[in-house]
Amino acid sequence: ANRDGNALTRIIIRDAGGPNEIARASRRTDYPIAAKSVYDWPRYGVRWQHWQLLIELAGASPDALMKANEEIRGSPERAAA
């Protein structure tokens with residue numbers, strides 16, 4: 001697994017407006033998240049609960065999110081931290 005971070009995840013976060021914007025927008029969802037946690041996504045992956053928000057904010061595809069998580073975790077089955 002890639003513990004140094006994942007470039008695709010960083011691009012998705014950037015395209016979504018950055019960690020602060022993601023945290024702000026997440027407050028209107030059932031899964032609010034702190035900006036501090038968003039900074040951890042390139043190392044640990046994005047939990048599925050936040051995918052819809054990233055699809056809306058960044059125009060990310062489910063395939064891109066799955067690919068980014070697989071690169072980080074090494075397999076699609078491993079749970080996010």
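- Counting all heavy atoms, side chain and backbone alike, A35 lies closest to A23 at N-CB, 3.5 Å.
- Scanning for salt bridge (charged side-chain N to carboxylate O under 4.0 Å, His left out) contacts around R27 gives an empty result, with sequence neighbours left out.
- Scanning all heavy atoms of the two residues, the minimum distance from A16 to L54 falls at CB-CD2, 3.9 Å.
- Applying the side-chain hydrogen bond (donor to acceptor under 3.5 Å, both in side chains) rule to R14 yields no partners; only residues at least two apart in sequence or on another chain are considered.
- With sequence neighbours excluded, the residues that form a side chain to side chain contact (heavy atoms under 4.5 Å, CB included) with S37 are I33, A34.
- Counting all heavy atoms, side chain and backbone alike, I22 lies closest to W41 at CG2-CH2, 3.8 Å.
- Using a 4.5 Å cut-off between side-chain heavy atoms of Ile, Leu, Val, Met, Phe, Trp and Tyr, I11 forms no hydrophobic cluster with any other residue.
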**Message:** Evaluate M66 against N69 for side-chain contact (heavy atoms from CB on, under 4.5 Å), listing each step before the verdict.
**Reply:** CA-CA 5 Å; M66 183 171 287; N69 278 352; 5.8 Å; no
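- Evaluation of the side chain to side chain contact (heavy atoms under 4.5 Å, CB included) rule for A60 yields I12, A58, L65 as partners, not counting sequence neighbours.
- Between Y44 and R73, the closest heavy-atom pair is O-NE, 3.4 Å.
- Distance check: Q49 CD to D30 CG gives 10.5 Å after rounding to the nearest 0.5 Å.
- Between R28 and L53 the shortest side-chain heavy-atom distance falls below 4.5 Å.
- Partner of N6 under the side-chain contact (heavy atoms from CB on, under 4.5 Å) criterion, chosen from E70, E71, K67: E71.
- Shortest non-hydrogen contact noted between S26 and Y31 is CB-O, 3.9 Å.
- In terms of the side-chain hydrogen bond (donor to acceptor under 3.5 Å, both in side chains) criterion, D15 has no residue partners (sequence neighbours excluded).
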